[in-house]
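Okay, structure first, notes after.
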Amino acid sequence: MNPALRSDLLTWYRLHARDLPWRNTNDPYRIWLSEIILQQTRVDQGRPYYERFTERFPTLKDLAQAQDEEVMKLWEGLGYYSRARNLLKAARLVQQTHNGHFPNTAEGLEKLPGIGPYTSAAIASFAFGQAIGVVDGNVFRLLSRLFDIDACIDEGKNRPVFQALANELIDKEVPGISNQALMEIGATICTPRPKCQKCPLQTHCLARERGTVDLRPVRKKRNKVKEETIDYLILLDGSGQMAIQQRAAQGIWAELFEPLHSAEHQVQPKLDQWHIDHRLTHRILHIRFQLCRLKTEKKPTNKHIIWVGADQRRSLAFPVPVLKAFAHWDL
DNA sequence: AACCCGGGGGG
DNA sequence: CCCCCAGGGTT
């Protein structure tokens, strides 16, 4: 590995790294928390969640003792809710069976729920200084270009190729910083539409030399995304309570709470199916969302309906813009 | 290996 | 508006 490449990388990082709260700590708990929040999530979106979680649960012990509902509520709007469930599972597991100490190797960390190859390497290198490469989407893209790799990044059999390169690139003196630097370039410079003129590694970049930057990384074709529409009925009683129900245990937004809604699997909204009791305040809200496939679901039945006030801490399941639309549902 | 699981940003 | 992005778990 070219030593000048490593040196250029670290020099650039020390000058240009964003100041992020989880970079100012060595606490494995906070580093783990940040990594779970940042899975499939941009920094700007995840940061406020990190702030709220660390404020409410400053230590692993605090989180391990939390109620499931409160954690789900704090996760509301972030998506991929199984992350929150696994977060709590892992917190209790580490607290109870590891005496509150996270495993200090990637191999040990990967046994915890919600921690896979990327996250285990991230925690192991950031918190414990293990010299193992982090291979997330940013690093896949950066390595594909830097070494002009034509192996497909979303085929599992090619992962070892990228992992080996990431391992080689690590500066053994500062494994964590070195990994952070790679991801930081991927996130800010070597983006899908790269800013090569600003890149500290441009003189080392094989794809740039060969003019193949726009062909990297190589990726499979994506599945078409289906669109679904749900009509939500925002039903309020005289005291400002809203009717909600819990979703089914399987499928999207599993077990989260939501207002009453029309049957799913319909392309066009069918507003006339509602039989509205005009003694109650109501409004109908259309939500469009995208997903690949949606399992069939029973229609709402009255026996599952509960009424909650705006101050109660139920977990809802809406996309953030929709939540904002009736954050105060005593409209 | 294929599929499921949300939400947001940019052109 | 359409297209793009991305870890871990389950099947």
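Just so you know, these numbers come straight off a predicted model, no measurement behind them.
Each of A:E155 and A:R42 lies near DNA chain B, and the nucleotide nearest A:E155 is the one positioned closer to the 5' end. For the pair A:I115 and A:I153, nearest-nucleotide mapping onto DNA chain C gives the more 5' position to A:I153.
Between A:D44 and A:R18 no salt bridge is recorded (no basic side-chain N to carboxylate O distance below 4.0 Å). By the 4.0 Å N-to-carboxylate-O rule, A:K73 lies too far from A:E70 to be salt-bridged with it.
Using a 4.0 Å heavy-atom cutoff across all strands shown, A:R159 reaches no nucleic acid atom at all. In this structure, A:Y80 reaches the bases: a heavy-atom distance under 4.0 Å links it to at least one base atom across the strands shown. Note on A:R193: only backbone sugar-phosphate atoms sit closer than 4.0 angstrom, heavy atoms only; bases stay farther off. Counting any heavy atom pair closer than 4.0 Å across all strands shown, A:D44 reaches no nucleic acid atom.
Going from atom CG of A:L38 over to atom P of C:dG7 covers 10 Å, rounded to whole Å. Atom pair A:Y49:OH and B:dG7:P shows a separation of 8 Å (rounding to whole Å applied). Rounded to an integer number of Å, the gap from A:E110 CD to C:dG7 C1' is 11 Å. Rounded to a whole Å, the OH atom of A:Y81 is 19 Å from the P atom of C:dG9. Counting to the nearest Å, the P atom of B:dC5 and the CG atom of A:L87 are 20 Å from each other. Separating the CH2 atom of A:W32 from the P atom of C:dG8 is a distance of 14 Å, rounded to the nearest angstrom. We find that CZ of A:R85 is positioned 14 Å from C1' of C:dG8, with the value rounded to whole Å. Rounding to whole angstrom units, CG of residue A:N86 and P of B:dC5 are separated by 15 Å.
Not one side-chain nitrogen or oxygen of A:T41 sits closer than 4.0 Å to the OP1 or OP2 atom of B:dG8. OP1 or OP2 of C:dC4 has not a single side-chain nitrogen or oxygen of A:R219 nearer than 4.0 Å. In terms of phosphate contacts, A:K220 brings a side-chain nitrogen or oxygen within less than 4.0 Å of OP1 or OP2 of B:dA2. Close to B:dG7, at under 4.0 Å from its OP1 or OP2, lies no side-chain N or O of A:W75.
Distance noted for atom C1' between C:dC5 and B:dC5: 15 Å (whole Å).
Taking the ring centre of A:Y49 as origin, the terminal cationic atom of A:R52 falls inside the region bounded by 6.0 Å and 45° from the ring axis.
For the residue pair A:D8/A:T11, the side-chain donor-acceptor check at 3.5 Å is not satisfied.
Between A:F257 and the choices A:M72, A:Q245, A:R247, A:E69, the side-chain contact (heavy atoms from CB on, under 4.5 Å) rule is met once, by A:E69.
Judged by distance alone, with hydrogens and angles left aside, A:Q40 brings a side-chain donor or acceptor within reach of the base of C:dG7, the pair sitting under 3.5 Å.
When distances are taken from the side chain of A:P192 to each of C:dG7, B:dG8, C:dC5, the shortest belongs to C:dC5.
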Handout entry: Intermediate values then yes/no, side chain to side chain contact (heavy atoms under 4.5 Å, CB included), A:L33 and A:L87
Key = CA-CA 8 Å; A:L33 175 63; A:L87 187 81; 4.0 Å; yes
